[in-house]
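All values derive from a computational prediction rather than experimental measurement.
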Amino acid sequence: MIKKIYIFIILFFVVLTTQSQAYECYFDKLQPGVTKKALEEINIFAYGSTDSDILTKQIYIEQICKGDDLRDIFNLNIFLIFYKDKLIKVNYIHYVLENPILFKIAKKDYKLDLERNKASIEKKQSEFYSTTVNGNSYFYVLLKQGNRQEEYLEIVSDKDISKFEEFLLKIEE
């Protein structure tokens, strides 16, 4: 009897760890301050026009994730903004079908100490959270309108974002 219980426990943990590891991603590597060269290690090659010091690069989930089942994250869009050689802003956009994942990514991969507002969840209201860690600001938004939901996670270098804002002002002129 004890052997059966022992085997059941082992099988349970094998199944649990297999399911939680359906995919593995390098979200934690997408931090403001990282260089283009460092991102090459995870197969992100951020090169483009040299007309400006600002470069915007869209990456696809397949570039930074591996695994057999990317279903939960297949409709995740990631935009990187560089100033010269350095990443200064990361934008995630997720069109939520069932499972909001960006909040989980913020907590697990970026180690943010955020708690969801239970009252907003129960009332099916939009949610907004922000925090600052090590000179980077993190903004999470879950917009809800009826059955439609969209998630946003923005990570910004507080020190370098002014360069991007100056760039945007020049474009408007």
Nearest heavy-atom contact between Lys104 and Pro100 is CE-O, 3.9 Å
Indicate yes or no: at least one non-hydrogen side-chain atom of Ile88 is less than 4.5 angstrom from one of Pro32.
no
What I want to find out is whether Glu40 reaches Lys37 closely enough, with some N-O distance under 4.0 Å, to be called a salt bridge.
yes
With rounding to the nearest 0.5 angstrom, report the SG to CG distance, Cys25 to Asp109.
7.5 Å
Out of curiosity, does Phe45 fall in the hydrophobic cluster containing Ile81 (side-chain heavy atoms, cut-off under 4.5 Å, transitive links)?
no
When you look at Thr35 and Lys86, which way does the side-chain contact (heavy atoms from CB on, under 4.5 Å) test go after all the steps?
CA-CA 5 Å; Thr35 64; Lys86 189 167 45 169; 5.6 Å; no
Atom of Gln58, atom of Gln63 and distance for their closest heavy-atom approach
O-OE1, 4.4 Å
Please check if atom CD in Gln145 has more than 12 non-hydrogen atoms from other residues, nucleotides or ligands closer than 6.0 Å.
no
Indicate yes or no: at least one non-hydrogen side-chain atom of Ile44 is less than 4.5 angstrom from one of Leu30.
yes
Hydrophobic cluster membership, Ile93 vs Leu143, 4.5 Å side-chain cutoff
yes
State the OH-CZ distance between Tyr83 and Phe164, to the nearest 0.5 angstrom.
13.0 Å
Lys NZ or Arg CZ of Lys57 over Phe79 ring: under 6.0 Å, within 45°:
no
Carboxylate-amine/guanidinium proximity below 4.0 Å for Glu122 and Lys124
no
Student check: side-chain heavy atoms of Glu151 and Val141 closer than 4.5 Å:
no
Would you indicate whether Tyr60, at its atom OH, is surrounded by more than 12 heavy atoms from other residues, nucleotides or ligands within a distance under 6.0 Å?
no
Sub-4.5 Å side-chain heavy-atom contact between Leu76 and Tyr92:
yes
What's the separation between atom CG in Leu102 and atom CD in Glu154, rounded to the nearest 0.5 Å?
12.0 Å
So Asp158 and Thr132, side-chain contact (heavy atoms from CB on, under 4.5 Å) or not? Walk me through it.
CA-CA 9 Å; Asp158 294 337; Thr132 300; 3.4 Å; yes
Stacked cation flag Arg116 on Tyr129, 6.0 angstrom / 45 deg
no
Between atom CD1 of Ile59 and atom CG of Asn43, what is the distance when rounded to the nearest 0.5 Å?
10.5 Å
So CD1 of Ile61 and NZ of Lys66: to nearest 0.5 Å the spacing works out to 14.0 Å
Could you tell me whether the side chain of Ser130 reaches within less than 4.5 Å of the side chain of Phe128, counting heavy atoms only?
no
Any donor-acceptor pair under 3.5 Å linking the side chain of Lys29 with the backbone of Val34?
no
Evaluate the side-chain contact (heavy atoms from CB on, under 4.5 Å) criterion for residues Lys89 and Leu80: first the C-alpha distance (whole Å), next the side-chain angles of each, then the deciding distance (0.1 Å), finally the verdict.
CA-CA 6 Å; Lys89 186 176 181 185; Leu80 307 177; over 6 Å; no
Are Val90 and Val133 joined in one hydrophobic group, where the rule is that I, L, V, M, F, W and Y side chains link up if heavy atoms are under 4.5 Å apart?
yes
Answer yes or no: is there a side-chain heavy-atom contact under 4.5 Å between Leu153 and Asn91?
no
When you group the ILVMFWY residues by side-chain heavy-atom contacts below 4.5 Å and let the links chain together, are Leu55 and Tyr47 in the same group?
no
Ring centroid separation for Tyr152 and Phe139, is it under 6.0 angstrom?
no
Once you round to the nearest 0.5 Å, how far does CD1 of Ile155 lie from OG of Ser137?
10.5 Å
Student check: side-chain heavy atoms of His94 and Asn77 closer than 4.5 Å:
no
Step by step, work out the side-chain contact (heavy atoms from CB on, under 4.5 Å) result for Thr131 and Leu114.
CA-CA 8 Å; Thr131 189; Leu114 298 174; 4.1 Å; yes
When you compare the side chain of Phe27 with that of Ile78, does any pair of heavy atoms fall below 4.5 Å?
yes
SB check Lys144 Glu127 (cutoff 4.0 Å)
yes
Going only through I, L, V, M, F, W and Y residues with side-chain contacts under 4.5 Å, is there a path from Leu168 to Ile161?
yes
